[in-house]
Amino acid sequence: MSFLPHTTSQSTTSAQNPKFHRAIEGSSIEILGNEERKLNRKVWAIGPLHKMIITDCNEDKRLMEWLDEQEVNSVLYISFGSLISLSDEQIREIAIGLEESGVKFIWVLREGDKLVDLGKRLSQVPDGFEERMKGMGMVVREWVPQVKILGHSSTGGFMSHCGWNSCVESLSMGVPIVAWPMQSDQPFNGLLITRVLKVGVAVMEWEERDELVTSSMISRSVRRIMGSDSEEGDEIRKRAVEMGVAVKRSVAEGGDCRSEWDSFIAHISR
């Protein structure tokens, strides 16, 4: 028995709803399906596994209230996960780039973006940045409900390290990605997002990973997705929204994801 490691929304066996299955990794599923027939092995594509229905709750009320006040697709969500560590210099370039872009944002600066020495926080945004950005953006240093933020109508883009969970959560909510891969499987995920699915843009090329990502590079990539006059951004957003619809349908009753689960459970319980 083979089990696809990524959480996806496609089916290798189901023929129903052909318009909506294979939404994220269709070409990979097709290759695995061919191998399945050659090796006489079964392949299941399971997922997405995160919560797809956004419900009201009191978590991070301040964030949600601020998002409620913003225009549709006007806010960039920025998070590089909890393990990525950025230098002070890189954090400064991000801050300057965001300010130059003129785009509203929520920037999650988590534990991975800290350098701890005798209990003092060393990695910080530039002096005065948060004051200047009041009304335009928020810097958050605690846990946030990422799927809920991505599912909000005001969120129009996600600057991400392209961890697989973040990619799937963003695409499930129909949100395009500003891709900034940093390690592990992230470069491959970034290529899938920007060149295969074409639902995002790259901040920089992987070959430039050891160089400082400048504020102008950051501002330019953000405006490509979030700019109100960006035809490229409109096309990318359209594809991302279509993919979000496809993923949601796949997890609904009778969808490809449900069929894969039923098949998998039937196999292991027979």
Side chain to side chain, Phe158 and Ser79, heavy atoms closer than 4.5 Å | yes
Give a yes or no on whether a salt bridge exists between Glu142 and Arg62, defined as a side-chain N under 4.0 angstrom from a carboxylate O.
-> no
Name all pairs fulfilling the salt bridge (Lys or Arg N to Asp or Glu O under 4.0 Å) condition that reach into residues 188-203, sequence neighbours left out, sorted by first residue then second.
-> Arg195-Glu205
Out of curiosity, does Val241 fall in the hydrophobic cluster containing Val201 (side-chain heavy atoms, cut-off under 4.5 Å, transitive links)?
-> no
Can any side-chain N or O of Arg209 pair as donor or acceptor with the backbone N or O of Met182 at less than 3.5 Å?
-> no
Take Val247 and Leu171, measure what side chain to side chain contact (heavy atoms under 4.5 Å, CB included) needs, and give me the verdict at the end.
-> CA-CA 8 Å; Val247 173; Leu171 296 182; 5.6 Å; no
Considering all heavy atoms, the nearest Glu208-Met217 contact | OE1-CE, 4.4 Å
Test item: Thr194 side-chain N/O and Ala202 main-chain N/O as donor-acceptor pair under 3.5 Å | no
Starting at CD of Glu231, measure out to CD1 of Ile236 and round the result to the nearest 0.5 Å.
-> 12.0 Å
Hey, quick one: are Val196 and Val168 part of the same hydrophobic cluster, counting side-chain heavy atoms closer than 4.5 Å, chains of contacts allowed?
-> yes
Spell out, as yes or no, whether a donor-acceptor pair under 3.5 Å connects the side chain of Ser219 to the backbone of Ser215.
-> no
For Leu150 and Met173, which heavy atoms make the closest approach, and how far apart are they?
-> O-CB, 3.6 Å
Can you tell me how far NZ of Lys61 sits from CG of Asp68, rounded to the nearest 0.5 angstrom?
-> 11.0 Å
Counting distance only, does the side-chain N/O of Ser153 pair as donor-acceptor with the main-chain N or O of Val72 below 3.5 Å?
-> no
Quick one: closest heavy-atom pair of Arg132 and Asp127, and the distance?
-> NH1-O, 3.5 Å
Rounded to the nearest 0.5 Å, the CD1 atom of Ile218 sits from the CE atom of Met159 at a distance of 6.0 Å
To the nearest 0.5 Å, atom CD1 of Ile78 lies from atom CD1 of Ile149 at 11.0 Å
Working for side chain to side chain contact (heavy atoms under 4.5 Å, CB included), residues Ile94 and Trp107 | CA-CA 10 Å; Ile94 295 173; Trp107 181 5; 3.6 Å; yes
Should Ile177 and Val199 count as side-chain neighbours, where that means a heavy-atom distance under 4.5 Å?
-> no
Taking a hydrophobic cluster as the set of Ile, Leu, Val, Met, Phe, Trp and Tyr residues connected by side-chain heavy atoms closer than 4.5 Å, whether directly or through intermediates, do Ile96 and Ile106 fall within one such cluster?
-> no
Got a donor-acceptor contact below 3.5 angstrom from the Arg237 side chain to the Gly156 backbone?
-> yes
Should the ring pair Phe129 and Phe105 be called parallel, tilted or perpendicular, given that the plane angle runs from 0 to 90° and is split at 30 and 60?
-> parallel
Calculate, to the nearest 0.5 Å, the distance between atoms OG and CE belonging to Ser154 and Met64 respectively.
-> 10.0 Å
Are side-chain heavy atoms of Arg224 and Val178 found at a separation under 4.5 Å?
-> no
Report yes or no: does Gln186 contribute a side-chain atom to a donor-acceptor pair with the main-chain N or O of Gln183 at less than 3.5 Å?
-> yes
Closest non-hydrogen atom pair, Pro176 against Ala240 | N-CB, 3.8 Å
Ser170 side-chain N/O to Ser166 backbone N/O, donor-acceptor pair under 3.5 Å | no
Taking the side chain as every heavy atom from C-beta outward, state whether Leu192 and Trp164 have any atom pair closer than 4.5 Å.
-> yes
Any donor-acceptor pair under 3.5 Å linking the side chain of Gln70 with the backbone of Trp66?
-> yes
Under a 4.5 Å side-chain heavy-atom rule over Ile, Leu, Val, Met, Phe, Trp and Tyr, are Val203 and Leu212 clustered together?
-> no
Answer yes or no: is there a side-chain heavy-atom contact under 4.5 Å between Val125 and Glu130?
-> yes
Look at the side chain of Glu99 and the backbone N and O of Met133, then say whether any donor-acceptor pair between them is shorter than 3.5 Å.
-> no
Take Leu197 and Arg239, measure what side chain to side chain contact (heavy atoms under 4.5 Å, CB included) needs, and give me the verdict at the end.
-> CA-CA 8 Å; Leu197 302 178; Arg239 285 191 289 270; over 6 Å; no
Connected via hydrophobic side-chain network under 4.5 Å: Met136 and Val103 | yes
Between Leu76 and Met226, the two heavy atoms sitting closest are N-CE, 3.7 Å
Looking at Leu109, Val108, Leu86, which one forms a side-chain contact (heavy atoms from CB on, under 4.5 Å) with Phe80?
-> Leu86
Can you check side chain to side chain contact (heavy atoms under 4.5 Å, CB included) on Gln124 and Ile91, steps first, answer last?
-> CA-CA 7 Å; Gln124 300 186 42; Ile91 289 175; over 6 Å; no
Euclidean distance, Ser101 OG relative to Ile225 CD1, rounded to 0.5 Å = 12.5 Å
For Leu63 and Met138, work out which heavy atoms get closest and say how close.
-> CD2-CE, 3.7 Å
